[in-house]
**Student:** 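Supplied in structure tokens, the structure appears directly below.
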Amino acid sequence: MKIKQLLIIANKQYVKHILFVFFAIVLSITCYSQEEELTWEELREQYEFPEWYTEARFGIWVHWGAQTQPEEGGGWYARHMYQHDVGKQSWGKNAYAYHVKNYGHPSEIGYKDVVNDWKAENLDTDALIRYFKNLGAKYFVALANHHDHFDNFSSTYHPWNSVNIGPKRDIIGEFEKSSKKYGIPFGVSSHDDRYLSWWLSAFGADTSGPMKGVPYDGHMIKEDGIGKWWEGLDPADLYGLPPEKRTPEWIEGVKYNWMLRHKELVIKYDVDMIWFDGYGFPYGKYGKEVCQELFNHSLNKNGKITAVVAGKFHNEPSTAKDIESGGANEMLLVPWQGILTLRSWFFKRDKDREYKHNARTVIEMMSDIISKNGNLLLNVELLPDGTVPPEHKVILDDIGAWVNLNGEAIYASKPWKIYGDNLNSHLKRIEENVSEADLEALKKKATNEQFNERCIKAPPYGHNEVRFTTNGDRLFIFVMNPKEGAIELPSLGLNSDHTPNKISSIKMLGSNEKIEFKQKKDKLILNVPAKRINKYATIFEVKGALILPY
């Protein structure tokens, strides 16, 4: 009996010991998690932009989703297909007519059906990432969702996603795997926080014609899908509730759901960067919590924060300033990026939509952006099937050839004391041909940032306008619009206020041939040769000019 009692007592003590150890572990894990889950303010205090981002200078983005499926109708097809009159948003004026002709009237066949029509049948993320990397891109970004409220990933919290509908593929997941396979940082872009107001057109109706007053399919409910392809899905989960049914509680629920979806996005796909298409944190505290989650995840995984948050932020030094279709008008001390696209953000064939950029203008914009401490994130407008349009590939190949030729002046480069010389030459060249008022308007526009890109129709740079970057002890001169002959650069004169040292040699990148030059007290005279490696901006490596700190 005593032995049995001793065994019972020992067993009880063992159980108590196990329970003690268990709770000690649980408490220690909890305490550790609490210690590691820093607030945004605490994360911001220790944040430094990762080298992969500050040294990249060039990234590629695919702004691609279901709105690519219709061939015409502009980049906001989902909104404009419900509008007879798109007002000033003229790029979407063909959407309604195109939709009625190719799909049917939006009272029955709406955007929900366009989403299902999109199949992405030829998407090969390995091939795309390999191609983009060969072009010289150092990071890659894919669109996770647009204003249309459709997720391009396997979303636990939102049934309208690319795994359930349309392609039946986890597009973000595939891009993530390919990015990791080819060793390139992976980012996602989110545009979804404006969908509440953006989608209101889906609750309208024709104001004239045979279908006048018939409500569009935004008013449909789940039961309307019985016997149809979308049976079991609720249109309200895509379009939102009709305006008259939206309560403050429902709107708050939408914001909370946005947060859950985006926390899942940044953690499940282990993203290196999230880009927001808006001003400040999406939905305020909810957007900040997503960014906090991303930074904490990065910190716990890597021992330091290696992730980047980008958008049109103000007073947020731990975020990268984003400038859409433009560039900074001065050198910025903190990292930033400009985003460009060749024609339209989503690929379209609208005949009245002209190309904004070609290889020349993209290279000019890249040169200007890099000289001001920025990165260029270039959008590639994929076809609906997931391939690069052949006509765009010609342009991209030219850009890639230039980037690969001049990588020494691009990657890991830093700005010089000034970003350029002989500035605003394009304005000087047209002064004689415009009125004083028009000239002032052009000068004012030149000080803008957002939507101030230099497009194909912009006046050309003067042959002597340049941009500068540095890399170690080398200074690089980007001649924006090169032409055979001598150019004069006052900033590199020996008595210049920018205090350059005596130049020992100059060569053109891609060539070992030394370039003729003469450095005087008031200027550098640089001879641009007739024979150049590339027909676009020509870059010269200068040695001796920089006085490096000890």
Side-chain angles (χ1 to χ4, degrees), residues 65-70 73 76-86 92 95-120 145-169 191-192 194-258 260-261 384:
Q67 288 181 92
T68 312
Q69 182 62 27
W76 284 8
Y77 183 92
R79 174 181 174 85
H80 289 148
M81 58 159 281
Y82 295 102
Q83 294 179 300
H84 282 231
D85 182 3
V86 297
Y96 176 85
Y98 179 91
H99 189 85
V100 171
K101 179 181 178 181
N102 291 277
Y103 288 97
H105 193 265
S107 61
E108 283 292 331
I109 308 297
Y111 183 66
K112 67 183 187 308
D113 303 282
V114 173
V115 165
N116 190 54
D117 194 40
W118 178 47
K119 302 304 180 187
N145 48 45
H146 198 247
H147 315 320
D148 63 352
H149 199 50
F150 183 79
D151 285 345
N152 283 343
F153 58 96
S154 181
S155 179
T156 302
Y157 305 99
H158 187 40
W160 290 86
N161 66 67
S162 63
V163 176
N164 293 340
I165 303 160
K168 303 289 181 73
R169 298 171 67 169
H191 311 241
D192 184 54
R194 70 174 78 175
Y195 109 94
L196 284 170
S197 59
W198 196 80
W199 258 132
L200 293 178
S201 61
F203 299 96
D206 288 3
T207 56
S208 61
M211 301 295 286
K212 179 180 178 180
V214 179
Y216 296 147
D217 73 325
H219 289 280
M220 286 185 174
I221 60 176
K222 188 174 182 179
E223 287 70 26
D224 292 325
I226 294 173
K228 299 178 182 177
W229 75 261
W230 52 279
E231 183 172 356
L233 290 166
D234 190 344
D237 289 334
L238 179 64
Y239 302 124
L241 288 176
E244 66 274 11
K245 295 183 180 180
R246 298 182 178 187
T247 63
E249 294 77 16
W250 179 81
I251 291 173
E252 196 66 18
V254 167
K255 296 176 182 180
Y256 187 77
N257 176 264
W258 179 96
L260 292 177
R261 288 160 55 214

**Student:** So, for Asp113 and Trp230, which heavy atoms are closest and what is the spacing to 0.1 Å?
**Tutor:** OD1-CD1, 4.5 Å

**Student:** Would you confirm whether Trp118, through its side chain, and Pro384, through its main-chain N or O, come within 3.5 Å as a donor-acceptor pair?
**Tutor:** yes

**Student:** If you measure only the distance, is there a donor-acceptor pair under 3.5 Å linking the side chains of Tyr239 and Asp217?
**Tutor:** yes

**Student:** Is a side-chain N or O of Asn102 found less than 3.5 angstrom from the main chain of Tyr98, in a donor-acceptor match?
**Tutor:** yes

**Student:** Using ring-ring contact (aromatic ring centres under 6.0 Å, His included) as the criterion, list what pairs up with Phe150, not counting sequence neighbours.
**Tutor:** none

**Student:** If you measure only the distance, is there a donor-acceptor pair under 3.5 Å linking the side chains of Asp117 and Tyr103?
**Tutor:** yes

**Student:** Work out which heavy atom in Gly65 is nearest to a heavy atom in Asn152; give both atom names and the distance.
**Tutor:** CA-ND2, 4.0 Å

**Student:** Determine whether Asp148 and Gln67 make a side-chain contact, defined as any pair of heavy atoms from C-beta on separated by less than 4.5 Å.
**Tutor:** yes

**Student:** When the aromatic ring centroids of Tyr195 and Trp258 are compared, is their separation below 6.0 Å?
**Tutor:** no

**Student:** CG/Leu260 to OG/Ser155 distance, rounded to the nearest 0.5 angstrom?
**Tutor:** 9.0 Å

**Student:** Minimum heavy-atom separation for Ala205 and Val214, please, with both atom names.
**Tutor:** CB-O, 3.2 Å

**Student:** Taking all atoms of both residues into account, what is the closest heavy-atom pair of Ser201 and Arg79, and its distance?
**Tutor:** OG-O, 3.0 Å

**Student:** Could you measure the distance from the CZ atom of Arg169 to the OG atom of Ser154? Nearest 0.5 Å is fine.
**Tutor:** 14.0 Å

**Student:** A side-chain contact here means heavy atoms from C-beta on lying under 4.5 Å apart; do His84 and Asp206 qualify?
**Tutor:** yes

**Student:** Below 4.5 Å, heavy atoms only, C-beta onward: do Asp192 and Asp151 meet side chain to side chain?
**Tutor:** no

**Student:** Between Lys119 (side chain) and Asn116 (backbone), is there a donor-acceptor pair under 3.5 Å?
**Tutor:** yes

**Student:** Between Arg246 and Val254, does a side chain to side chain contact (heavy atoms under 4.5 Å, CB included) hold up when you go through it step by step?
**Tutor:** CA-CA 10 Å; Arg246 298 182 178 187; Val254 167; over 6 Å; no

**Student:** Quick check for you: to the nearest 0.5 Å, what is the distance between His99 atom NE2 and Gln83 atom CD?
**Tutor:** 13.5 Å

**Student:** Please check if the distance between the ring centroids of His158 and His149 is under 6.0 Å.
**Tutor:** yes

**Student:** Could you tell me how the ring of His105 sits relative to the ring of Tyr216: parallel (under 30°), tilted (30 to 60°) or perpendicular (over 60°)?
**Tutor:** tilted

**Student:** Do Trp250 and Leu241 touch side chain to side chain, with heavy atoms closer than 4.5 Å?
**Tutor:** yes

**Student:** Return the set of residues passing ring-ring contact (aromatic ring centres under 6.0 Å, His included) with Trp198 (not counting sequence neighbours), or none when no residue passes.
**Tutor:** Trp76, His147

**Student:** How many angstroms lie between CG in Leu238 and CH2 in Trp160, if you round to the nearest 0.5 Å?
**Tutor:** 5.5 Å

**Student:** Taking the side chain as everything from C-beta on, heavy atoms only, tell me whether Tyr96 gets closer than 4.5 Å to Val86.
**Tutor:** no

**Student:** Quick one: does Asn145's side chain have a donor or acceptor within less than 3.5 Å of a partner on His191's backbone?
**Tutor:** yes

**Student:** For Ala66 versus Val114, what's the shortest heavy-atom pair and its separation?
**Tutor:** O-CG1, 4.0 Å

**Student:** Please name the pair of heavy atoms, one in Pro106 and one in Met81, separated by the smallest distance, quoted to 0.1 Å.
**Tutor:** CB-CE, 3.8 Å

**Student:** Quick one: pull up NZ in Lys168 and OG in Ser162 and give me the separation to the nearest 0.5 Å.
**Tutor:** 11.0 Å

**Student:** Counting only N and O atoms by type, is there a donor-acceptor contact under 3.5 Å from the side chain of Asp224 to the main-chain atoms of Ile221?
**Tutor:** yes

**Student:** Between atom CD of Glu223 and atom CD of Glu231, what is the distance when rounded to the nearest 0.5 Å?
**Tutor:** 10.5 Å

**Student:** Using the ring-ring contact (aromatic ring centres under 6.0 Å, His included) criterion, which residues pair with Phe203? Sequence neighbours excluded.
**Tutor:** His219

